[in-house]
Amino acid sequence: MDGHFVPNVTFGHPAVYFLRSKIDKAFFETHMMVSNPMQWVRPMADSGVNQYTFHIETCQETVVDVCRKVRESGMKVGVALKPGTDVTAVEQYVDHADMVLIMIAQPGFGGQKFMTDMMNKVRWLRQQYPELDIEVDGVVGPASIAACAEAGANMFVSGTAVIGAKDPKAVISQMRDTVNTSLQQLQNKSICCVEL
């Protein structure tokens with residue numbers, strides 16, 4: 001967060017570099033809530049980021065140019081949409097991206113209300129692009145993660161629900177179990193439909 005695209009400011013590439021030196025095998029995704037995503041591609045790549053996710057609403061350069069630079073820098077490409085952006089805005093960029101992030105709360109602040117109608121965006125993406133990685137971010141926790149998985153998300157960002165928990169490990173385990181159960185139920189429904 002740069003204090004421009006969203007009003008808050010958070011840590012940048014020096015913190016990522018430090019974390020990478022301590023956690024060398026983890027998959028690092030950066031969700032860049034910044035006004036100029038092109039500016040931070042090289043510093044994040046040099047810090048050891050695996051996937052660089054940026055908002056299509058902010059690009060001073062074209063989205064495709066940012067996608068190209070991210071990929072040339074050795075990272076996977078994620079494109080993000082704010083709640084007010086129509087999901088079809090991402091259609092022209094899907095071929096350039098590895099993942100689409102649907103914000104289910106306004107970016108920049110934790111602890112907001114879950115926007116149930118954002119699940120329509122997730123469902124639409126899953127129907128249009130069955131193999132695409134779809135991530136959800138914003139108010140993802142034990143009470144909402146099943147709805148996200150059932151809509152078709154396969155990547156989840158959970159901040160407040162985990163950080164604010166008395167036992168974060170237990171919350172993560174519970175959410176993982178919920179996702180696995182939801183996916184199994186969806187798979188069973190698909191199998192039943194095929195058998196009919």
Side-chain angles (χ1 to χ4, degrees), residues 1-112 115 118 121-122 125 128-129 131-140 148 153-160 162-163:
M1 300 183 208
D2 63 358
H4 297 285
F5 179 61
V6 295
N8 289 333
V9 177
T10 55
F11 61 84
H13 61 280
V16 174
Y17 181 81
F18 174 79
L19 287 169
R20 175 54 81 197
S21 72
K22 303 297 180 193
I23 311 169
D24 61 341
K25 295 195 181 348
F27 183 86
F28 277 24
E29 176 197 0
T30 54
H31 177 188
M32 305 301 294
M33 292 176 266
V34 298
S35 295
N36 183 5
M38 187 72 90
Q39 175 184 358
W40 304 107
V41 172
R42 189 75 255 160
M44 286 299 184
D46 291 344
S47 297
V49 168
N50 301 102
Q51 181 166 295
Y52 188 95
T53 301
F54 66 97
H55 281 264
I56 66 171
E57 300 94 350
T58 66
C59 291
Q60 293 173 357
E61 295 80 11
T62 68
V63 172
V64 174
D65 287 343
V66 178
C67 291
R68 187 176 301 115
K69 179 156 182 150
V70 169
R71 194 160 315 281
E72 288 170 357
S73 298
M75 297 179 288
K76 288 187 169 191
V77 178
V79 292
L81 301 175
K82 290 171 64 172
T85 302
D86 191 283
V87 69
T88 58
V90 80
E91 281 184 291
Q92 59 189 313
Y93 309 121
V94 168
D95 290 342
H96 302 280
D98 297 291
M99 182 272 290
V100 174
L101 165 60
I102 299 297
M103 292 297 300
I104 51 178
Q106 291 299 331
F109 298 98
Q112 298 178 57
M115 295 177 161
M118 294 301 108
K121 290 183 179 183
V122 176
L125 278 172
Q128 300 299 314
Y129 309 100
E131 303 301 315
L132 180 68
D133 280 332
I134 302 170
E135 183 175 77
V136 289
D137 183 359
V139 201
V140 176
C148 297
N154 65 320
M155 296 175 71
F156 310 87
V157 177
S158 184
T160 304
V162 173
I163 294 168

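If you read the sequence from its start, that first residue is 1, and numbering goes on from there. Keep in mind that the numbers below use all heavy atoms, side chains included, and drop hydrogens, waters and symmetry copies.
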- Hits for side chain to side chain contact (heavy atoms under 4.5 Å, CB included) against Glu91, two or more places apart or cross-chain, chain-then-number order -> Thr88, Trp124, Tyr129
- Note on the structure: Between Cys148 and Phe156, the two heavy atoms sitting closest are CB-CE2, 3.8 Å
- Message: Given Glu29, which partner from the list Asn50, Thr53, Val49 fulfils the side-chain contact (heavy atoms from CB on, under 4.5 Å) test?
- Response: Thr53
- Minimum heavy-atom distance Gly84-Lys121, with the two atoms named: N-NZ, 4.4 Å
- In Å and rounded to the nearest 0.5 Å, what is the CD1 to OG1 distance from Ile102 to Thr85? 9.0 Å
- Contacts of Asp65 that satisfy side chain to side chain donor-acceptor pair (under 3.5 Å) - sequence neighbours left out: Thr62, Arg68
- Under a 4.5 Å cut-off applied to non-hydrogen side-chain atoms, are Leu125 and Val90 in contact? yes
- Message: Show the nearest heavy-atom pair for residues Cys67 and Val79, with the distance to one decimal.
- Response: SG-CG1, 4.1 Å
- Item | Side-chain donor or acceptor of Arg20 paired with backbone N/O of Gly48 under 3.5 Å | yes
- Just how far is it from atom CG of Leu81 to atom CD1 of Ile104, taken to the nearest 0.5 Å? 13.0 Å
- Would you name the heavy atoms of Thr58 and Pro37 that are closest together and state the gap between them? OG1-CD, 3.5 Å
- Message: Could you measure the distance from the CD atom of Gln51 to the CZ atom of Phe28? Nearest 0.5 Å is fine.
- Response: 13.5 Å
- Message: If the condition is side chain to side chain contact (heavy atoms under 4.5 Å, CB included), which residues does Pro83 pass it with, not counting sequence neighbours?
- Response: Met103, Gln106, Pro107, Met115, Met118
- Message: Using the side chain to side chain contact (heavy atoms under 4.5 Å, CB included) criterion, which residues pair with Asp133? Sequence neighbours excluded.
- Response: Met99, Asn154, Met155
- Looking at CD of Gln39 and CE of Met44, how far apart are the two atoms once the value is rounded to the nearest 0.5 Å? 10.5 Å
- Tell me, with the steps shown, if Leu101 and Val136 meet side chain to side chain contact (heavy atoms under 4.5 Å, CB included). CA-CA 6 Å; Leu101 165 60; Val136 289; 5.6 Å; no
Can you list, pair by pair, the side-chain donor-acceptor contacts under 3.5 Å of residues 69-78, counting residues two or more places apart and other chains?
unit_1: Arg71; atom_1: NH1; unit_2: Asp98; atom_2: OD2; d: 3.0
unit_1: Arg71; atom_1: NH2; unit_2: His96; atom_2: O; d: 2.9
unit_1: Arg71; atom_1: NH2; unit_2: Asp98; atom_2: OD2; d: 3.3
unit_1: Ser73; atom_1: OG; unit_2: Arg42; atom_2: NH1; d: 3.4
unit_1: Ser73; atom_1: OG; unit_2: Lys69; atom_2: O; d: 2.8

- Query: From Lys82 NZ over to His55 NE2, what is the distance, rounded to the nearest 0.5 angstrom?
  - Reply: 8.0 Å
- Out of curiosity, Phe54 CZ to Met38 CE, how far, rounded to the nearest 0.5 Å? 8.5 Å
